[in-house]
Amino acid sequence: MDILVNLQAFLATADAAGFSAAARKLDVSTSVVAKRVTQLEARIGTPLFHRSTRQLRLTDAGQRYVHRARGVVTDATDLLSRMGEKGHDLVDHLRIKAPTSLTVARLADAFSAFQTQNPRLKLEIVLIDRPVDPVTEGFDIAIGAFPHSFGGVVDEPLCALKRLLCASPAYLKKHGTPKHPRDLVEHRCLSFLPTGPEWIFDGPRGRISIQVSPLLSSNEGHVLARSAIAGNGIALISQYLVADALREGTLKPVLRDFPIPELWVKAAIPERRRNAAAVQALLTLLKKSLAPSL
């Protein structure tokens with residue numbers, strides 16, 4: 001167990017970039033964390049951190065071993081949890097990557113319900129709006145809608161993500177309604193940063209690609225929705241974020257004859273974690289919460 005707790009101290013220090021922050025995370029004293037890391041370094045015969053009065057950073061050896069160490073700790077923790085399970089309690093530590101807008105709008109409630117159902121489960125939820133390789137970045141589950149795939153990772157589809165163009169009635173009255181995607185180059189556009197300013201449409205004769213020059217770009221969908229409602233431009237946005245505004249008439253769909261291709265929200269899971277009980281339980285809840293589509 002000394003090796004396991006020393007590895008946990010190493011990972012916490014690497015994540016926090018300091019002994020004090022790692023100690024707070026592990027709920028032990030700073031000196032205990034420093035001692036455990038020193039013991040690990042003595043055990044392997046090489047330093048894992050460059051130490052100075054101003055910063056703490058990984059050595060080349062530390063960078064090589066941090067991801068493998070995370071896998072060892074995760075596997076050991078999962079094994080010990082299964083051996084010590086009482087009834088159907090889940091005991092694990094899940095590190096989850098999730099997109100900002102979707103988490104704020106939908107996933108936060110799902111995560112809260114999951115932890116209420118499993119009070120012995122620890123969750124670490126990190127909001128990131130870019131593709132993430134869960135193996136190299138140390139996540140048990142990486143949720144997103146990007147089409148990227150990674151080696152040693154299983155992609156689990158969660159739901160379809162519907163998107164559309166919309167604008168306020170006031171904006172359309174003032175600036176006119178575009179009839180074709182190419183008209184958008186003359187309009188004020190509100191763009192989602194992670195997907196970029198290249199807007200793709202399905203036309204009668206195939207795909208149409210338009211490069212817009214956004215008036216506003218943001219990685220948070222609610223910001224785009226509020227700006228569109230305020231009459232600032234035409235937004236390309238996920239439908240779930242503006243469903244209420246569309247029903248209330250404060251936003252109107254634009255270019256409905258040129259639909260935007262659906263994306264798929266998926267969970268990327270390291271192969272070694274795909275059968276973990278807590279991972280499977282969370283996947284079941286997420287599919288139920290998000291189905292059939294957003």
Side-chain angles (χ1 to χ4, degrees), residues 7-17 21-22 25 48-49 56-79 92-104 106-108 110-111 114 121-161 192-196 198 200 219-221 238 261-287 290 294:
L7 285 171
Q8 289 171 328
F10 164 54
L11 293 174
T13 303
D15 291 341
K25 181 177 180 180
L48 296 169
F49 293 99
L56 191 71
R57 57 187 178 85
L58 288 168
T59 62
D60 289 343
Q63 291 176 352
R64 284 198 306 271
Y65 296 139
V66 66
H67 299 304
R68 293 182 63 185
R70 201 181 301 278
V72 170
V73 168
T74 298
D75 289 344
T77 302
D78 184 50
L79 175 60
D92 206 335
H93 183 138
L94 294 185
R95 189 163 186 259
I96 303 163
K97 173 267 177 186
T100 304
S101 299
L102 182 57
T103 301
V104 172
R106 299 286 291 273
L107 294 181
F111 291 143
F114 186 61
L121 196 67
K122 293 183 179 180
L123 300 182
E124 181 181 348
I125 300 167
V126 184
L127 304 187
I128 301 175
D129 295 303
R130 59 172 173 80
V132 164
D133 180 347
V135 174
T136 60
E137 298 198 38
F139 288 98
D140 299 296
I141 300 176
I143 302 169
F146 295 100
H148 300 71
S149 295
F150 302 95
V153 175
V154 178
D155 290 336
E156 189 76 31
L158 297 178
C159 70
L161 178 64
F192 188 52
L193 266 174
T195 51
E198 183 184 14
I200 308 294
N219 69 332
E220 216 298 289
S238 298
E262 287 184 352
L263 297 176
W264 269 88
V265 179
K266 64 181 181 179
I269 307 160
E271 288 181 347
R272 58 176 175 76
R273 289 289 279 162
R274 66 182 302 184
N275 294 320
V279 169
Q280 288 299 315
L282 179 56
L283 285 176
T284 298
L285 179 64
L286 290 175
K287 289 178 180 180
L290 298 176
L294 288 169

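The closest donor-acceptor contact from the side chain of Asp140 to the backbone of Arg95 lies under 3.5 Å. With hydrogens and angles disregarded, no donor-acceptor distance shorter than 3.5 Å links the side chain of Glu124 to the backbone of Ile96.
Ring pair His148/Phe146 is perpendicular by interplanar angle, where above 60° counts as perpendicular and below 30° as parallel.
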Residues Ile143, Leu286; criterion side chain to side chain contact (heavy atoms under 4.5 Å, CB included); working and verdict: CA-CA 10 Å; Ile143 302 169; Leu286 290 175; 3.8 Å; yes
Side chain to side chain contact (heavy atoms under 4.5 Å, CB included) between Phe111 and Ile125, worked out: CA-CA 9 Å; Phe111 291 143; Ile125 300 167; 3.4 Å; yes
Chi angles and distances behind the side chain to side chain contact (heavy atoms under 4.5 Å, CB included) call for Ile200, Glu198: CA-CA 6 Å; Ile200 308 294; Glu198 183 184 14; 3.8 Å; yes
Candidate pair Lys287 and Glu156, rule side chain to side chain contact (heavy atoms under 4.5 Å, CB included), full reasoning: CA-CA 10 Å; Lys287 289 178 180 180; Glu156 189 76 31; 2.6 Å; yes
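Ala278 and Leu121 get closest at one heavy-atom pair: CB-CD1, 3.8 Å. Taking both residues in full, the closest heavy atoms of Pro134 and Ala268 are given as CG-O, 3.7 Å, listed atom of the first, atom of the second, then distance. Nearest heavy atom pair, residue Ala12 against residue Lys25, reads CB-CD, 4.5 Å. Across every non-hydrogen atom of Ala110 and Leu285, the tightest pair is O-CD2, 3.3 Å.
Within the model, atoms CG of Leu127 and CD of Glu220 stand 9.5 Å from one another, a figure rounded to the nearest 0.5 Å. Gln63 contributes atom CD, which lies 10.5 Å from atom CZ of Phe49 (distance to the nearest 0.5 angstrom). Going from atom SG of Cys159 over to atom CG of Leu102 covers 7.0 Å, rounded to the nearest 0.5 Å. Atoms CG and CG, from Leu158 and Leu283 in turn, are 6.5 Å apart once rounded to the nearest 0.5 Å.
The ring of Phe10 has its center no closer than 6.0 angstrom to the ring center of Tyr65.
Taking the side chain as every heavy atom from C-beta outward, Leu94 and Arg273 approach each other to under 4.5 Å. Residues Ile128 and Phe139 are in side-chain contact: their nearest non-hydrogen atoms beyond the backbone lie under 4.5 Å apart.
Residues Thr100 and Asn219 bring no donor and acceptor atom of their side chains to less than 3.5 Å of each other.
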